[in-house]
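Numbers here simply count residues along the sequence, with the first being 1. Both ligands and their constituent atoms are indexed starting at 1 by order of listing.
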Amino acid sequence: MDRKTSKPETIAAQGLGWIDEATRAVSPPIHVSSTYLRDADNQYRTGRSYIRADNPAFDQPEAVLAALEKGAAAALFSAGMAAASCVFLSLKPGDHVVVPKVMYWGLRLWLFDFARSWGLEVEDIQMIDLAAVRAAMRPGKTKLVWIESPGNPMWNITDIAAVAEIAKKAGARAVADSTVSTPVLTHPLDLGCDVVMHSATKYLNGHSDIVMGALVTKAEDEYWQRISSVRSKIGGIPGSFEAWLLLRGMRTLYPRVKAACANAQKLAEHFSKHPRISEVLYPGLKTHPGHAIAAKQMDGGFSGMLSIRIKGGEAAAIATAARVQLWKRATSLGGTESLIEHRGSTEGPGAPCPMDLLRLSAGIENADDLIADLEQALDGNG
Ligand SMILES: Cc1ncc(COP(=O)(O)O)c(C=O)c1O
């Protein structure tokens, strides 16, 4: 049986069914060598020479990711930010790129602070408005459109297929940050994107104990060769142990993401009419403006991420977060444990995030425990 044609749950749970031929080990060994022997006749027959370009510890997790995203190849990076920045650094100074106004704040800052000074023309638009996407295209000049759906921290839904088509018509690539959707819920390459990016720090690993990024490409084209070259030249690679941890984490990706989605849906529905909450932002709610598109492009859930806006503003939001006992007051997302964060304090001045917003990453605990803890934290606002 061709393992790549197995169902994704099977591919993830068995790490593509790989067995170490030397020992028959079911879990792979961790290769740590930074360098490889050159043959006496001066050849490198294994194709490996030095760890910055290539590492056998990446082979299996990259193959699993490529299979789950239905891509031609994958590459691991030292962080989600290393993966994302490599996408942009593989373009040329003078190229025009279009990004959403609502997106992961750290990348947005890097784009406007660094990438602009490096020579990229970075333009931000409301990516949920297709007319705005069309208007932003400059054929011949626009080289890349960046999509993040659901988008941090408002969970805006972008119509990935529609945006990818507009980009393609203008001769630009479409790249999706699918960190929050994960390959469990959305397949951006099937929807017309050229490359998918993940902060593997989040759901892919799932245990809040590594930092890592990944890219998956639809085609091993010239742009992908450039990405691989930039990764190896800059050295934005993870360590062997982290790559092994990612592979271990991905074995439970499907049950974890499904459990987090179910918890997030329950939380969103429970708190949507709460007297101390002005708004629950979650694409799984029928009232969310992006619900219909989310239902079309997400399969099996609407992610484990939601935000709540607290009546009483910033002080009430920070006070609510201060009272939780079970939820963990921390940034990041996608772990087994539920996290709560006053997002405005993390993003700082200039961010579009409302200051009354608490960002919630639903973990895989019992939903009733999570609801009870948040209820008591909100009670204190009375
Ligand atoms: C959606 C999204 N993209 C990218 C990143 C950056 O990833 P990393 O922290 O692994 O560099 C994050 C981190 O929070 C994120 O939430």
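Distances shorter than 4.0 angstrom do not occur between any heavy atom of L107 and any atom of ligand 1. For the ligand labelled ligand 1, residue M103 lies outside the 4.0 Å heavy-atom shell. The closest approach between H198 and ligand 1 stays at or above 4.0 Å for every heavy atom of the residue.
For atom 3 (N) of ligand 1, the closest non-hydrogen atom on the protein side is D177 OD2, 2.7 Å.
The number of heavy atoms from other shown groups lying within 6.0 Å of NZ (K169) does not exceed 12. Other residues, nucleotides and ligands place no more than 12 heavy atoms under 6.0 Å from the NZ atom of K168.
With no hydrogens or angles considered, a side-chain donor-acceptor pair links T142 and H96 at under 3.5 Å. Between the side chains of E69 and H198, at least one donor-acceptor pair of N or O atoms lies under 3.5 Å.
Ion pairing between K328 and E337 fails under the 4.0 Å rule for side-chain N and carboxylate O.
Taking every heavy atom of L333 and a limit of under 4.0 angstrom, the matching atoms of ligand 1 come to 16 (O). Under a 4.0 Å criterion applied to the non-hydrogen atoms of M212, ligand 1 contributes the atoms 10 (O).
Outside the 6.0 Å centre-distance limit, the rings of F302 and W155 are not counted as a close aromatic pair.
Looking at V211 next to ligand 1, no N or O pair under 3.5 Å apart turns up.
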